[in-house]
Amino acid sequence: MRHNTLFIRTGTALFFSLLLTALLSLLLPSSNGAGSPFRIFAAFVCLASALFLFLLRHWNHTLPFSEYSPPADSNRVEKLTEQIIRTEKMASIGRLSASIVHEINTPLGIILGYSQLLSEDTPDDSPAKENLKIIEKQARNCQRIVADLLKFSRRPPSRVEDMDVSEAAMDVLAVMEHDLAVNGIELKRHFTIDLPKVHINTEQIQQVIINLINNAAHAMDRGGVLHVRSSLDGKGIRLSVEDNGPGVPSDLQEKIFEPFFTTRSKGKGTGLGLSISREIIEKNGGQLTLESPFTDGHGAAFHIWLPGIPREKKNG
Ligand code: ADP
């Protein structure tokens, strides 16, 4: 059993033991009598401790029953930090590729179009015909090179495994929490433990979570509250990243998933984060959806849904 699961279960067991002890102290008959001052005092202490545990859960997100930020071991922190840096690098390559694609694709299309027009107007026996074919072929080569460049921002598909999405998200948050706090963003975790596992590459799902959190952080550039929650949803699991930023206007809600669509200033956004994220989730049989406005007429919630592995088939 993982350390955090053990911790949460111990907290839960303690909470209910305290409640039970308080109840027994008040109700069980004894030589002192059920209502003796000592019994009432013991029941009071137990109830106060249980209440303390309960409040701790709400204020601190650490105890019991579902919210807990694991003290990620140094290896995992190192791996995740590397991944966040890699995602940032990919975003830079994506930014570069996106601007190259935008700047080069239009003139390339024009070269290709005119060479085809000229070729149509040129008799087959003309020596110019061959030259025009070379221009057309080389223009197509350039288009392919530009398209290949874009593929750099899409990581090659890697090994899939049965993994716990809540744990993957908790690990990401443990590493990103400090940065979020520095930017005035309060993080609230609402994780359901022991959800069915899903079949996906851990790094890829973490890349999606990082993208969604980065987007939420950009949307809340003056600070805000970020909720990350996991829950059971039908035959799958749902992971939601919710912010209280300005939200996404209804006419842009489909557009934001298109490649290269960005509302961020030039050089800052690639418009690739959401399209790549949706592609990753859909390739794994899931869905990435948006709900906005989310609270009080503003905010955005991105929901990842992934099919869960039925428990009985998990080991077989
Ligand atoms: P980028 O972040 O590079 O612009 P994305 O594909 O990740 O590319 O996002 C596309 C657009 O979706 C963003 O430019 C922004 O307009 C919008 N968007 C994404 N997440 C949010 C959010 N949490 N709140 C408001 N708008 C968002």
Side-chain angles (χ1 to χ4, degrees), residues 83-103 105 147 149-155 169 172-173 176-177 179-181 183-190 203-230 238-283 286-305:
Q83 197 191 333
I84 289 170
I85 294 170
R86 207 163 44 227
T87 306
E88 275 303 311
K89 275 190 196 158
M90 285 299 165
S92 310
I93 294 173
R95 264 194 290 281
L96 187 69
S97 319
S99 58
I100 289 175
V101 168
H102 276 306
E103 300 299 327
N105 253 354
L149 189 60
L150 257 191
K151 286 186 194 147
F152 272 114
S153 53
R154 291 169 154 81
R155 303 203 61 207
V172 168
L173 292 180
M176 295 185 86
E177 184 168 24
D179 253 17
L180 292 169
N183 290 305
I185 295 170
E186 189 189 347
L187 179 63
K188 301 247 182 201
R189 300 172 171 86
H190 314 267
E203 282 184 23
Q204 282 197 321
I205 182 76
Q206 284 178 332
Q207 188 191 341
V208 174
I209 298 168
I210 293 168
N211 278 339
L212 296 182
I213 293 175
N214 278 338
N215 278 351
H218 289 134
M220 299 187 288
D221 54 355
R222 291 190 188 148
V225 186
L226 178 76
H227 293 268
V228 181
R229 57 182 96 235
S230 67
R238 174 198 277 245
L239 184 89
S240 304
V241 176
E242 307 160 2
D243 65 64
N244 64 348
V248 183
S250 54
D251 56 324
L252 298 185
Q253 296 200 355
E254 263 316 303
K255 276 208 169 91
I256 59 169
F257 291 98
E258 287 171 11
F260 306 119
F261 178 85
T262 180
T263 54
R264 297 174 62 197
S265 52
K266 208 169 178 221
K268 290 220 164 139
T270 59
L272 287 173
L274 285 177
S275 68
I276 292 175
S277 298
R278 186 172 255 185
E279 190 181 304
I280 290 174
I281 298 299
E282 287 183 353
K283 267 196 183 148
Q287 284 172 350
L288 174 63
T289 51
L290 163 70
E291 193 182 344
S292 180
F294 189 63
T295 44
D296 306 332
H298 58 273
F302 285 86
H303 306 292
I304 299 170
W305 183 89

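Counting starts at 1 for both ligands and their atoms, following the listed order. We use all heavy atoms of the structure for the numbers below, so side chains are in, but hydrogens, waters and symmetry mates are not.
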Look at [atom] and say which protein heavy atom is nearest, naming residue and atom and giving the distance to 0.1 Å.
| atom | answer |
| --- | --- |
| atom 24 (N) of ligand 1 | Ala219 CB, 3.4 Å |
| atom 23 (N) of ligand 1 | Asp243 OD2, 2.8 Å |
| atom 21 (C) of ligand 1 | Phe302 CE1, 3.9 Å |
| atom 10 (C) of ligand 1 | Phe261 O, 3.3 Å |
| atom 1 (P) of ligand 1 | Gly271 N, 3.6 Å |
| atom 27 (C) of ligand 1 | Val248 CG2, 3.9 Å |
| atom 15 (C) of ligand 1 | Thr263 OG1, 3.4 Å |
| atom 3 (O) of ligand 1 | Thr270 N, 2.8 Å |

Per the salt bridge (Lys or Arg N to Asp or Glu O under 4.0 Å) rule, what does the pair list look like for residues 252-261, sequence neighbours excluded?
Glu254-Arg278
Asp221 (side chain) donor-acceptor with Ala217 (main chain) under 3.5 angstrom:
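Absent.
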Hey, does the side chain of Ser230 reach the backbone of Leu239 with a donor-acceptor pair shorter than 3.5 angstrom?
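Answer holds: no.
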How about His303 and Ser240: does a side-chain donor come under 3.5 Å of a side-chain acceptor?
yes
Side-chain contact, heavy-atom cut-off 4.5 Å: Glu177 with Arg189?
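Yes - at least one pair of side-chain heavy atoms lies under 4.5 Å apart.
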Find out whether Ile304 and Arg238 are in side-chain contact, i.e. whether some heavy atom of one side chain is under 4.5 Å from a heavy atom of the other.
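The answer is no; the side chains never approach within 4.5 Å.
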List every atom of ligand 1 that sits less than 4.0 Å from any heavy atom of Thr262, numbering the atoms from 1 in the order shown and giving each element.
1 (P), 4 (O), 14 (O)
Any idea which part of Asn211 is under 4.0 Å from ligand 1, heavy-atom wise: side chain, backbone, both or neither?
neither
Which residue from Ala216, Gly247, Ala217, Gly245 reaches closest to atom 25 (C) of ligand 1 through any of its heavy atoms?
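Answer by nearest heavy atom: Gly247.
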Proximity winner for atom 6 (O) of ligand 1, if only heavy atoms of Ile276, Leu274, Asn215 are counted:
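The option holding the nearest heavy atom is Leu274.
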For Thr263, all residues meeting side chain to side chain contact (heavy atoms under 4.5 Å, CB included), sequence neighbours excluded
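Counting only residues at least two positions away or on another chain, Thr263 forms a side chain to side chain contact (heavy atoms under 4.5 Å, CB included) with Leu252, Phe261.
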Give me the atom names and distance for the closest heavy-atom approach of Ala300 to Phe294.
N-CB, 4.0 Å
Hey, is atom 18 (N) of ligand 1 under 4.0 Å from any protein heavy atom?
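Looking at atom 18 (N) of ligand 1, one finds that no protein heavy atom lies closer than 4.0 Å.
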His227 and His190 aromatic ring geometry - parallel, tilted or perpendicular at 30°/60° bounds
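Parallel, since the angle between the ring planes stays under 30°.
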